[in-house]
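Reviewing the structure listed below.
When reading the values below, keep in mind they use all heavy atoms of this one structure, side chains included, and skip hydrogens, waters and symmetry mates.
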Amino acid sequence: MRCAPNPNGPWHVGHARMPAVIGTYKDRYDGWFCVRFDDTDPETKRPDLEAYDAILEDLEYLGFEPDATYRASDRLETYYDHARKLIDMGGAYTCSCSGEEFSELKNDGNACPHREKDAETVLEEFEDMIAGVYDSGEMVLRVKTDIEHKNPALRDWVAFRMIDTPHPREEASGYRCWPMLDFQSAIDDHLIGITHIIRGIDLQDSAKRQGFLYDYFGWEYPEVVHWGHVQIDAYDVTMSTSTIAELIENGELDGWDDPRAPTLKSLRRRGIRGEAIVDAMTGLGTSTSDVDLAMSTIYANNRELIDEETDRRFLVRDGTEVPLGGSPPDEANPPLHPNHEDRGVRGIPAGDAVLLEPADLPDREGRIWLKGLGCFRYTRDALQYTGEDLDVVREGEVDVVHWVPAAESVPVRMRTMDGDVSGRAEPGVADLAADEMVQFERVGFARIDTPSGEADGSEAVLAYYAHP
RNA sequence: GCUCCGAUGGUGUAGUCCGGCCAAUCAUAUUGCCCUCUCACGGCAAUGACCAGGGUUCGAAUCCCUGUCGGAGCACCA
């Protein structure tokens with residue numbers, strides 16, 4: 001099987017579907033899969049030189065390693081050779097009709113005058129195309145199919161056209177005569193030995209178009225499955241590489257890994273495992289109708305992967321400072337993980353005042369349980385320690401909330417899909433290393449991106465929010 | 001206009017080929033209860049779907065027709 005991306009940027013979440021499915025099938029049925037960059041349009045779908053590696057990196061993040069990697073732009077001579085053979089068989093002709101002219105003839109089921117040229121002339125003109133004698137738009141090579149075919153989309157389609165703009169890859173920059181996807185892909189799929197093709201419904205007619213080529217060459221066409229488009233809820237930004245690139249260009253997004261961007265790099269930075277995405281994608285199956293993937297499915301998968309191994313911490317967002325009174329304990333020692341007492345506890349000094357999330361501030365004379373510390377009554381703008389037993393929590397009389405000391409907490413900047421959040425975390429968070437995951441209790445899972453003091457000019461720990 | 005394709009709960013999916021075991025599977029989401037010093041994890045429960053209408057049949061989610069809705073192609077894009 002193959003994954004044939006157009007290298008025009010790093011992958012968005014939807015791109016994960018192809019490797020997820022074919023990679024999973026490969027593992028299940030002892031198969032083989034390659035990545036083939038279909039970079040045969042240096043102009044309208046101009047490849048981005050950095051995208052080749054970016055895509056391979058995204059693939060690695062998802063947990064797959066291709067058995068081989070190809071670039072169509074390395075293989076022009078192969079395509080030319082097959083075109084020559086096709087011309088010899090009388091299966092193609094050079095055509096200088098304008099797109100409009102031809103389209104009109106074609107829609108009426110009429111052949112253009114160039115269709116009946118003899119193979120020799122066609123070959124000569126094709127060699128001129130390769131030599132770059134023509135300018136863009138002057139000449140194309142068409143595959144002779146059936147000009148009266150009931151589906152107009154299949155009638156005498158273009159196999160090669162002239163493009164004046166040089167290819168961005170230096171190795172391919174000399175070519176001017178480029179194959180269209182249907183020709184390139186058809187030849188490659190056979191030569192590479194692809195047995196099964198999965199592609200989008202936008203390419204529904206491709207197999208039928210390419211079938212004419214396979215018939216000329218006497219080849220057998222691979223099995224094809226078409227699937228619909230995937231949409232993902234939870235994002236304001238469209239899943240389109242060019243749209244995302246534009247938003248980055250004009251500064252609305254910080255980059256491909258901005259948490260608001262629906263890209264794999266973004267999910268990766270938030271600490272979501274590739275496996276969680278792959279499982280969600282394979283769960284979509286391969287139906288031909290369009291599907292909506294709920295981000296909550298990816299989150300649920302990820303939570304299952306990381307919950308047991310992720311330690312707990314406190315983070316208070318936009319904290320309100322409240323003084324403490326009544327001689328509470330000096331320090332709280334909640335466990336690092338409630339299901340794993342053996343991992344030990346964290347030490348959180350209480351100090352004279354704490355920060356609470358505004359929504360957690362109790363009503364006047366109301367009681368609240370600061371987790372790990374004890375029960376307090378909110379009186380005269382201060383929290384007075386009541387010394388009550390944990391039973392008040394067990395009885396459900398008092399709500400348990402998270403908190404941090406006002407003095408000894410560490411500043412945190414947490415980037416989320418909905419914008420940045422600033423807050424303060426318990427002291428231990430300052431010692432966490434980059435890439436560690438934490439669960440901020442009652443807030444959610446997050447990935448430590450940059451430890452305190454390491455970010456440029458910032459004392460704050462930089463974290464990326466993953467999900468609840 | 002011409003040509004393809006599709007339609008199962010909020011979302012995804014199984015079942016459709018070879019009609020009965022489907023008063024429809026599983027997951028996720030939502031709600032409630034239990035557990036818990038987290039609104040995490042875990043346990044239990046509830047809500048919730050075969051696009052519509054005809055036909056064939058003893059019997060239709062499954063086969064046929066029509067309609068409705070949705071998607072795609074008819075590019076010198078991929």
Side-chain angles (χ1 to χ4, degrees), chain A residues 4-8 37-41 43-47 72 95-100 102-103 106-109 134 136-142 149-155 157-163 177-182 184-185 199-206 208-209 226 228-233 241 279-285 287-301 303-304 306-308 310 312-314 332 334-335 337-340 369-375 390-394 398-402 439-445 467-468:
Chain A
N6 171 16
N8 63 344
F37 292 103
D38 283 356
D39 54 350
T40 57
D41 184 349
E43 198 164 86
T44 18
K45 295 261 163 136
R46 189 169 178 76
C95 170
S96 55
C97 292
S98 73
E100 270 174 41
F102 187 85
S103 173
K106 179 197 69 180
N107 288 335
D108 294 336
Y134 305 104
S136 169
E138 271 190 88
M139 188 68 82
V140 298
L141 184 76
R142 286 185 188 282
H149 193 103
K150 67 171 181 169
N151 186 347
L154 309 185
R155 298 172 187 166
W157 47 275
V158 173
F160 286 84
R161 82 295 209 192
M162 304 300 300
I163 295 178
C177 175
W178 287 89
M180 299 287 289
L181 170 91
D182 275 314
Q184 173 264 122
S185 180
R199 58 178 156 223
I201 41 173
D202 46 334
L203 264 23
Q204 273 176 122
D205 293 330
S206 271
K208 292 173 192 161
R209 256 197 290 257
H226 295 278
H229 300 287
V230 196
Q231 286 182 11
I232 305 221
D233 63 357
T241 309
D279 289 347
M281 288 295 174
T282 49
L284 294 181
S287 95
T288 54
S289 29
D290 292 353
V291 293
D292 293 321
L293 173 63
M295 268 313 269
S296 59
T297 305
I298 293 179
Y299 294 159
N301 290 345
R303 201 180 294 121
E304 193 178 336
I306 66 171
D307 185 61
E308 286 300 317
T310 304
R312 270 54 174 167
R313 301 289 181 172
F314 287 156
H337 192 115
N339 304 350
H340 299 278
W369 185 282
L370 301 190
K371 184 166 176 174
L373 200 61
C375 190
L390 190 57
D391 285 342
V392 295
V393 170
R394 296 209 172 101
V398 181
D399 291 333
V400 176
V401 301
H402 60 292
Q439 188 210 50
F440 290 124
E441 294 195 43
R442 304 209 307 140
V443 175
F445 292 89
H467 51 75

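With distances taken from any side-chain atom of Val291(A) to the nucleotides G71(B), G12(B), A40(B), the minimum falls on G12(B). With distances taken from any side-chain atom of His229(A) to the nucleotides A40(B), G71(B), C37(B), the minimum falls on G71(B). Counting only heavy atoms from C-beta on, Ile201(A) has its side chain closest to G71(B) among C41(B), G71(B), A78(B). Picking from C74(B), A72(B), A78(B) the nucleotide with the shortest atom distance to the side chain of Leu181(A) gives A78(B). Residue Arg161(A) has its side chain nearest to A78(B) when only A78(B), A40(B), C2(B) are considered. In this structure, of U38(B), C74(B), A78(B), it is C74(B) that holds the atom nearest to the side chain of Asn107(A).
Proximity of Ser287(A) to the phosphate of G6(B): no side-chain N or O atom is located under 4.0 Å from OP1 or OP2. Listed pair Arg303(A) / C41(B) meets the phosphate criterion, a side-chain N or O lying under 4.0 Å from OP1 or OP2. For Arg155(A) and G73(B), the shortest distance from a side-chain N or O to OP1 or OP2 is not below 4.0 Å. Contact check, Ser289(A) against G70(B): no side-chain N or O comes under 4.0 Å of OP1 or OP2. Put simply, Lys150(A) has a side-chain N or O that comes within less than 4.0 Å of OP1 or OP2 on C4(B). OP1 or OP2 of A75(B) has at least one side-chain nitrogen or oxygen of Lys106(A) nearer than 4.0 Å.
In terms of polar N and O atoms assigned as donor or acceptor, the side chain of Lys371(A) never comes within less than 3.5 Å of the base of C37(B) in a complementary pairing.
Counting non-hydrogen atoms under 4.0 angstrom, Thr40(A) reaches the backbone sugars and phosphates but no base. At a threshold of 4.0 angstrom between heavy atoms, the contacts of Met180(A) are confined to the sugar-phosphate backbone, with no base atom among them. Note on Gly228(A): nothing from the nucleic acid sits closer than 4.0 angstrom, heavy atoms only. At a threshold of 4.0 angstrom between heavy atoms, the contacts of Phe102(A) with the nucleic acid are absent. At the heavy-atom level, Val140(A) lies under 4.0 Å from base atoms of the strands shown. The residue Cys375(A) sits apart from the nucleic acid: no heavy atom pair falls under 4.0 Å. Here Asp41(A) lies in heavy-atom contact (under 4.0 Å) with sugar-phosphate atoms only. Counting non-hydrogen atoms under 4.0 angstrom, His226(A) reaches nothing in the nucleic acid. Residue Leu284(A) is classed as a sugar-phosphate contact, given heavy-atom separations below 4.0 Å to backbone atoms only. Ser206(A) comes within contact range of no nucleotide atom at all, as no heavy-atom separation falls under 4.0 Å.
Distance noted for atom C1' between A46(B) and G53(B): 34 Å (whole Å). When the C1' atom is compared between C64(B) and A72(B), the two are found 26 Å apart, to the nearest whole Å. The gap from the P atom of C26(B) to that of C44(B) amounts to 13 Å, rounded to the nearest Å. For C50(B) and G12(B), the P atoms lie 15 Å apart once the distance is rounded to whole Å. Look at the C1' atom in both G9(B) and C4(B): the space between them is 30 Å, to the nearest Å. Comparing A49(B) with A61(B), their C1' atoms are spaced 10 Å from each other, to the whole Å. Spacing between G32(B) and C41(B) at atom P, rounded to whole Å, works out to 16 Å. The C1' atoms of G20(B) and U30(B) are separated by 35 Å, rounded to the nearest whole Å.
Along RNA chain B, the nucleotide nearest Thr297(A) and the nucleotide nearest Val443(A) are compared for position; the residue whose nucleotide lies closer to the 5' end is Thr297(A).
Nucleotide C77(B) has no partner under the Watson-Crick or G-U criteria, as no pair reaches both atom distances under 3.5 Å. In this entry C33(B) has G43(B) as its Watson-Crick or G-U wobble partner, both defining distances falling under 3.5 Å. Judged by Watson-Crick or G-U wobble contacts below 3.5 Å, the nucleotide G48(B) has no partner. Across every strand in view, A27(B) sits in a pair with U11(B) that passes the Watson-Crick or G-U test at under 3.5 angstrom. Using Watson-Crick or G-U wobble geometry with both donor-acceptor distances under 3.5 Å, C58(B) finds its partner in G20(B). Checking C69(B) for Watson-Crick or G-U wobble geometry (two distances, each under 3.5 Å) identifies G6(B) as its partner.
Asp205(A) is not listed as a side-chain neighbour of Asp182(A), based on a closest heavy-atom distance of 4.5 Å or more. Between Trp178(A) and Glu43(A) there is no side-chain heavy-atom pair separated by less than 4.5 Å.
If you measure from atom CZ of Arg394(A) to atom P of U38(B), you get 10 Å, rounded to the nearest angstrom. Atom-to-atom, CG of Asp292(A) to P of G9(B) comes out at 12 Å; the value is rounded to the nearest Å. Following rounding to the nearest Å, Glu304(A) (CD) and C41(B) (P) show an atom-to-atom distance of 10 Å. The distance between atom CG of Asn301(A) and atom P of U28(B), rounded to the nearest whole Å, is 9 Å. Distance, Ile163(A) CD1 to A75(B) P: 17 Å, rounded to whole Å.
Looking only at atom types and distance, the side chain of Glu308(A) has a donor-acceptor partner in the side chain of His340(A) under 3.5 Å away.
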